Amino acid sequence: MKIREIAQLFGIDQDFAPAGNGHINDTYRSADGQYILQRVNTHVFTRPVELMENIEAVTEFIAAKLRETGGDPSRETLKVLHTEDGRSYIEDEDGFFRMYLNIADSYTVEPEDAGPAELTEAGAAFGRFQELLDDYDAAKLHETIPFFHDTENRLKNFRAALEKNSAGRAESVKAETEFVLSHAWIASVVLDGIRDGSIPLCVTHNDTKINNVLFDVNTHKAICVIDLDTIMPGSRLYDFGDALRISASTAAEDEPDLTKVHFAPEAFKAFASGYLSEVGSTLTPREKELLPFSALLMCYECGTRFLTDYLEGDVYFKVKYPEHNLVRCRTQFRMAEEILAAEESLKAWVAAFSDGSAEV
Ligand code: ADP
Ligand code: GN1
Ligand code: MG
């Protein structure tokens, strides 16, 4: 069906034009600016119906909370619209489509353009998102990508790829392999916390790049978190750590010149200050203690995923040249080393900021 015909099934008789800057879904905005139509990328998201059930459940929960607490549900969360026969999606031979209300007068910021003020606002937006969902029973959500942040499982997959050596590259990645194996302890820290109950199972967003936060064009404040396709049960530390993995790096994830790749503690502090001011009082002591570690964890996990994919012949991540995954892996391990070196001082800063005795 044509986009216009899809929209009509949602009771909206208008033209739509491409919008947004996403790399996964195709996004269109209606001519009157009130609606967002998306074709969900079903190659990436193979369980779109479960994904929509997750999004509807979580956004309705947030909207109810916002109504109770005087927030603005039409602006501070995504709103899933229904077709005239009550469905949250249309699936036909051209794809899987859904409709949201457009959040007007908003813009997004790319990671390379984010300064300290934007980082603090983004931290606050992700903190608020977690705070609003603190009492949501995450076990009710579908695990749309099983074992997504199960780092022990990622390590198991790495060992299997190394053993199989299907692309014949194992010999050429000895230093990186040594890094993964000698830091294998990293994989169990958060999982141990989930197992012993010191880290709660919560709703995780799983794509906490700053460009998934909408900002208000007038106030420049963060309005809400979007792009909820990967929400699943997990630890809040995954979302905090993954945001910092990108935002606290001085270079792109695939920067080949490692002399340009550094962990920026000031970016960590800018983001964490916004985050802690929203959700700080809800986090458990163990979660708070592990905030710096979570950035290390996500760099280690992601680097291990890139290396695994390199060993398997680049079957998961899109690559532009043969060494692309290896280059990505190296930036992640460089970040991991620098965060490890800074971890104790960042922990002290988190503790001091939390009790009001430190500034950014
Ligand atoms: P992708 O998974 O492709 O990144 P997103 O859901 O993040 O898709 O949407 C892509 C872009 O579309 C966003 O960065 C934002 O600019 C715009 N967008 C998406 N949903 C809305 C909305 N409800 N209101 C306003 N803009 C939106
Ligand atoms: C993928 O699609 P994108 O680029 O937002 C991946 C993330 C990785 C990221 C690394 C579903 O995210 O987990 O951190 O690449 N998403 C999925 O660039 O695997
Ligand atoms: Mg996005």
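In this chain, residues are counted from 1 in sequence order. Numbering of ligands and ligand atoms starts at 1, following listing order. None of these values were measured; they are calculated from a predicted model.
Of the heavy atoms in F45, none comes closer than 4.0 Å to ligand 2. Within the 4.0 Å heavy-atom criterion, neither part of H23 lies near ligand 2. Contact annotation for T108 and ligand 1: only side-chain heavy atoms (C-beta onward) come within less than 4.0 Å of the ligand. At a heavy-atom cutoff of 4.0 Å, ligand 2 is contacted by the side chain of I24 but not by its backbone. For Q38, every heavy-atom contact with ligand 1 shorter than 4.0 Å involves the side chain, none the backbone. Only the side chain of D207 comes within 4.0 Å of ligand 2, judged by heavy-atom distances.
Heavy atoms from other residues, nucleotides or ligands lying under 6.0 Å from CZ of F147 number 12 at most. For CD of E171, the number of neighbouring non-hydrogen atoms (other residues, nucleotides, ligands) closer than 6.0 Å is 12 at most.
Judged by the 6.0 Å distance and 45° axis criteria, R154 is positioned over the aromatic ring of F148. With a 6.0 Å cutoff to the six-membered ring centre and a 45° limit on the axis angle, R169 counts as a cation-pi contact of Y310.
Closest protein heavy atom to atom 16 (N) of ligand 2: F148 CZ, 4.2 Å. Of the protein's heavy atoms, I36 CG1, 3.6 Å lies nearest to atom 22 (C) of ligand 1. Of the protein's heavy atoms, N25 N, 2.9 Å lies nearest to atom 3 (O) of ligand 1. The shortest contact between atom 15 (O) of ligand 2 and any protein heavy atom is with F317 CE2, 3.6 Å. Among all protein heavy atoms, the one lying closest to atom 4 (O) of ligand 2 is K209 NZ, 3.3 Å. The nearest protein atom to atom 14 (O) of ligand 1, hydrogens excluded, is given as N21 OD1, 2.8 Å; this is a heavy-atom distance. The nearest heavy-atom contact from the protein to atom 7 (O) of ligand 1 is D227 OD2, 3.0 Å. Among all protein heavy atoms, the one lying closest to atom 26 (N) of ligand 1 is R29 NH2, 3.5 Å. In terms of protein heavy-atom proximity, atom 17 (C) of ligand 1 is nearest to G20 CA, 4.2 Å. When only non-hydrogen protein atoms are considered, atom 25 (C) of ligand 1 lies nearest to N102 OD1, 3.0 Å. What sits closest to atom 7 (C) of ligand 2 on the protein, heavy atoms only, is R305 NH1, 3.8 Å. Among all protein heavy atoms, the one lying closest to atom 10 (C) of ligand 2 is E253 OE2, 3.3 Å. In terms of protein heavy atoms, atom 9 (C) of ligand 2 is closest to R245 NH2, 4.1 Å.
Heavy-atom separations between L101 and ligand 1 include at least one value shorter than 4.0 Å. No heavy atom of R328 sits closer than 4.0 Å to any atom of ligand 2. For M298, the closest heavy-atom approach to ligand 2 does not fall below 4.0 Å.
A salt bridge is defined here as a Lys NZ or Arg NE, NH1 or NH2 lying under 4.0 Å from an Asp or Glu carboxylate O, and D94 with R39 fails to meet this definition. Classification of E266 and K269 as a salt-bridged pair fails, no side-chain N sitting under 4.0 Å from a carboxylate O.
Of the options D229, I226, V80, the smallest heavy-atom separation from atom 18 (N) of ligand 1 is shown by I226.
For a distance threshold of 2.8 Å, the protein N, O or S atoms nearer than that to the Mg ion (ligand 3), listed by chain and number, are N212 OD1, D227 OD2.
A side-chain donor-acceptor contact under 3.5 Å links T250 to the backbone of H262. Remark: side-chain polar atoms of D355 are paired, donor with acceptor, to backbone N or O of S357 under 3.5 angstrom. Judged by distance alone, with hydrogens and angles left aside, the side-chain atoms of W349 form a donor-acceptor pair with the main-chain N or O of E359 at under 3.5 Å.
The two residues I194 and S235 make their nearest non-hydrogen contact at CD1-CB, 4.1 Å. For Y316 against R305, the heavy-atom pair with the smallest separation is CE2-NH2, 3.6 Å. Here the closest non-hydrogen pair linking T151 and L297 is OG1-CD1, 3.6 Å.
For ligand 1, the atoms sitting less than 4.0 Å from at least one non-hydrogen atom of H23 are 3 (O), 4 (O), numbered in the order shown with element in parentheses. Per-residue contacts place T27 under 4.0 angstrom from the following atoms of ligand 1 (heavy atoms of the residue considered): 9 (O), 10 (C), 12 (O). Using a 4.0 Å cut-off to heavy atoms of N212, the atoms of ligand 1 that qualify are 7 (O).
Two residues are said to be in side-chain contact when any heavy atoms from C-beta on lie closer than 4.5 Å; D105 and R75 meet this criterion. For the pair H220/E121, no side-chain contact is recorded, criterion being any heavy-atom separation below 4.5 Å from C-beta on. Counting only heavy atoms from C-beta outward, the side chains of D242 and R245 approach each other to under 4.5 Å.
Applying the ring pair (Phe, Tyr, Trp, His ring centres under 6.0 Å) rule to pairs touching residues 158-178 yields nothing, sequence neighbours excluded.
In terms of N/O distances under 3.5 Å, ligand 1 is not approached by L78. Here's the thing with I24: one of its N/O atoms is less than 3.5 angstrom from an N/O atom of ligand 1. The shortest N/O to N/O separation between I103 and ligand 1 falls below 3.5 Å. Residue Y316 has at least one N or O atom closer than 3.5 Å to an N or O atom of ligand 2.
Partner K65 forms a salt bridge (charged side-chain N to carboxylate O under 4.0 Å, His left out) with one of D135, D72, D134 and no other, that one being D135. When each of T208, L244, L276, V360 is tested with F271 by the rule side chain to side chain contact (heavy atoms under 4.5 Å, CB included), just one qualifies, namely L244. Checking each of D314, L326, N325 against F306 for a side chain to side chain contact (heavy atoms under 4.5 Å, CB included) leaves exactly one that passes, namely N325. Residue F240 forms a ring pair (Phe, Tyr, Trp, His ring centres under 6.0 Å) with just one option from F126, F268, F293, and that option is F268.
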Go through the steps for D192 and R286 under the test salt bridge (charged side-chain N to carboxylate O under 4.0 Å, His left out), then give the verdict.
CA-CA 11 Å; D192 281 344; R286 185 66 176 147; over 6 Å; no
